[in-house]
Amino acid sequence: MATRLLRTNFIRRSYRLPAFSPVGPPTVTASTAVVPEILSFGQQAPEPPLHHPKPAEESHDGLDLSDQARLFSSVPTSDLLRSTAVLHAAAIGPMVDLGTWVMSSKLMDASVTRGMVLGLVKGTFYDHFCAGEDADAAAQRVRSVYEATGLKGMLVYGVEHADDAASCDDNMQQFIRTIEAAKSLPTSHFSSVVVKITAICPISLLKRVSDLLRWEYKSPNFKLSWKLKSFPVFSDSSPLYHTNSEPEPLTAEEERELEAAHRRIQEICRKCQESNVPLLIDAEDTILQPAIDYMAYSSTIMFNADKDRPIVYNTIQAYLRDAGERLHLAVQNAEKENVPMGFKLVRGAYMSSEARLADSLGCKSPVHDTIQDTHSCYNNCMTFLMEKASNGSGFGVVLATHNADSGRLASRKASDLGIDKQNGKIEFAQLYGMSDALSFGLKRAGFNVSKYMPFGPVATAIPYLLRRAYENRGMMATGAHDRQLMRMELKRRLIAGIA
């Protein structure tokens, strides 16, 4: 089998990993990085002077991120101390560079040094950012976090991708076990499970299908006999430079592989439907995304039969120039077909690889020119989705953001629209081990909030952990403010203990 679990070299390619129990009692993390999406863009902006937050009474959006004692009240001091140490370490550039070098070096080939390194990682970064080594341990962590904080969990089996049918089949079974683990929890404790299409369909085939879908969009007379009913995956502004000439049709073997991939995602969707467990389909970079959108939307048509709550959610990446247009087209077509829709809205994490590929082909990057353009696109898509969700049944929205300004805007919009914050149509999500202040603040404002909780063996999580470290190393204003809140709370508890 060729399932890719540990591939530290991929860090240099700027891929974002899927989101992945420690020995001893579960812990509740407290973390920083209110804006990791910004840091994913690699912008090392100078840190501006810290300013004192507005008093709670000045907030008109219901989201108070100023009272550190209330925000971190559910976090034990020992966990708060460890979280502060881990995240400050992750923000130190040379330490991150050293960790990357070690994980890619021959030190990992020797059993003694490998064991020492993995042991150190497990007791620090792994325990902070990952939910456990298997689905059962992760489910127990979800239960513990919910009981301590009221934050829900998204279970994410930490596999990157697979290259052959046997690995794809094995990964499908792992996703099925993840759904079963989620089903074992009270419905109040979890929000969804997450799947990566790259784990159940070989990347080489996804590239081929994406090429053929692009050529079909370019040439309307070009027909794909194997294509299932789906929604539009391109708009007039979508990048098509990946496919400059007519691709060869799928071979008979490739068609059989595609049918098998459809069976895998359909089996996962069917299990989610039977278990009443929402399924979020993760996004990838644009060379693969057309095939992923195609499979996600065809699954949506098949399995989103419940008019009150969708089962299948696709992901929209707001840092792409065509994100808003593609979102509107998908929603318009779904409304015509009376198909309930679910979307997870993110900013995105493939800027470097997208820019390199586009530049190598002499084309403009599909990513917005500035981070502010990305913020604007995210907020516009967020507003559109919230308005749709407020107008009736059959719509679900997961606002995956670490950006406090987007959180405040959404909180105000929910109030303006009179949205029921607890009906499950709208929820927020942040990565486990990051942006806990924002998570706690949104929860206190009355929203459903989930943590994206990856799980898997320690060795499989290393690339994911390095990604988290890279996202934390910048010192943007809101990230520094969040760390300041943690230090303030530790100081307050120390003084209270001495007094």
Would you sort out whether Tyr313 and Phe343 count as a ring-ring contact (aromatic ring centres under 6.0 Å, His included), showing the intermediate values? CA-CA 5 Å; Tyr313 287 62; Phe343 289 98; 8.2 Å; no
Dump the intermediate steps for side chain to side chain contact (heavy atoms under 4.5 Å, CB included) on Arg309 and Asn276, then the final yes or no. CA-CA 10 Å; Arg309 185 187 187 192; Asn276 196 29; 4.0 Å; yes
Flag side-chain contact, heavy atom, 4.5 Å: [X] against [Y]:
X: Leu279; Y: Ile268; result: yes
X: Thr198; Y: Leu288; result: yes
X: Leu320; Y: Gln317; result: yes
X: Asp127; Y: Lys122; result: yes
X: Leu417; Y: Met386; result: yes
X: Phe125; Y: Leu87; result: no
X: Ser415; Y: Arg412; result: no
X: Leu280; Y: Val195; result: no

For the [atom1] atom of [X] and the [atom2] atom of [Y], what is their distance to the nearest 0.5 Å?
X: Ser74; Y: Arg444; atom1: OG; atom2: CZ; result: 9.0 Å
X: Tyr319; Y: Met351; atom1: OH; atom2: CE; result: 9.0 Å
X: Thr178; Y: Lys271; atom1: OG1; atom2: NZ; result: 11.5 Å
X: Ile200; Y: Cys168; atom1: CD1; atom2: SG; result: 7.5 Å
X: Lys451; Y: Leu431; atom1: NZ; atom2: CG; result: 7.5 Å
X: Tyr378; Y: Ile371; atom1: OH; atom2: CD1; result: 12.5 Å

Please check if any side-chain donor atom of [X] sits under 3.5 Å from a side-chain acceptor atom of [Y], or the reverse.
X: Thr149; Y: Lys443; answer: no
X: Tyr350; Y: Glu284; answer: yes
X: Ser365; Y: Glu354; answer: no
X: Asn403; Y: Thr401; answer: no
X: Asp373; Y: Thr370; answer: yes
X: Arg141; Y: Tyr432; answer: yes
X: Arg347; Y: Ser406; answer: yes

Is a side-chain donor or acceptor of [X] paired with a backbone partner of [Y] at a separation under 3.5 angstrom?
X: Asn304; Y: Pro340; value: yes
X: Ser83; Y: Leu80; value: no
X: His189; Y: Leu185; value: no
X: Lys421; Y: Ala445; value: yes
X: Asn171; Y: Ala199; value: yes
X: Asp436; Y: Ser439; value: no
X: Thr113; Y: Leu107; value: yes
X: Ser275; Y: Val277; value: no
X: Asn379; Y: His375; value: yes

If I compare all heavy atoms of [X] with all of [Y], which pair ends up nearest, and what's the gap?
X: Leu438; Y: Ala404; result: CD1-CA, 4.2 Å
X: Ala318; Y: Leu345; result: CB-CD1, 4.4 Å
X: Val121; Y: Val458; result: CG1-CG1, 4.4 Å
X: Gly324; Y: Cys377; result: N-SG, 4.3 Å
X: Leu399; Y: Ala410; result: CD1-CB, 4.1 Å
X: Leu65; Y: Ala437; result: CD2-O, 3.6 Å

If the threshold is 4.0 Å, N to carboxylate O, is there a salt bridge linking [X] and [Y]?
X: Arg492; Y: Glu489; answer: yes
X: Lys425; Y: Asp420; answer: no
X: Lys413; Y: Glu387; answer: yes
X: Lys152; Y: Glu427; answer: no

Could you give me the CA-CA distance, side-chain angles and deciding distance for Asp405 and Arg408, then say whether salt bridge (charged side-chain N to carboxylate O under 4.0 Å, His left out) is met? CA-CA 5 Å; Asp405 288 337; Arg408 293 188 180 96; 3.4 Å; yes
Apply salt bridge (charged side-chain N to carboxylate O under 4.0 Å, His left out) to residues Arg177 and Asp136 and explain how you reach the verdict. CA-CA 9 Å; Arg177 282 192 280 274; Asp136 292 337; over 6 Å; no
Applying side chain to side chain contact (heavy atoms under 4.5 Å, CB included) to Gln430 and Met434, what does each step give before you reach the verdict? CA-CA 7 Å; Gln430 289 82 40; Met434 294 178 70; over 6 Å; no
Check the pair Phe190 / Met453 against side chain to side chain contact (heavy atoms under 4.5 Å, CB included), numbers first and verdict last. CA-CA 10 Å; Phe190 74 91; Met453 302 178 75; over 6 Å; no
Are there more than 12 heavy atoms of other residues, nucleotides or ligands under 6.0 Å from atom CE of Met116?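 Result for CE/Met116: open.
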Ring centroids only, cut at 6.0 angstrom: are Phe428 and Phe447 within range, meaning strictly under it? yes
Could you go through Val194 and Tyr157, starting from their C-alpha distance and side-chain angles, then the distance that decides it, and tell me whether this counts as side chain to side chain contact (heavy atoms under 4.5 Å, CB included)? CA-CA 7 Å; Val194 181; Tyr157 171 54; over 6 Å; no
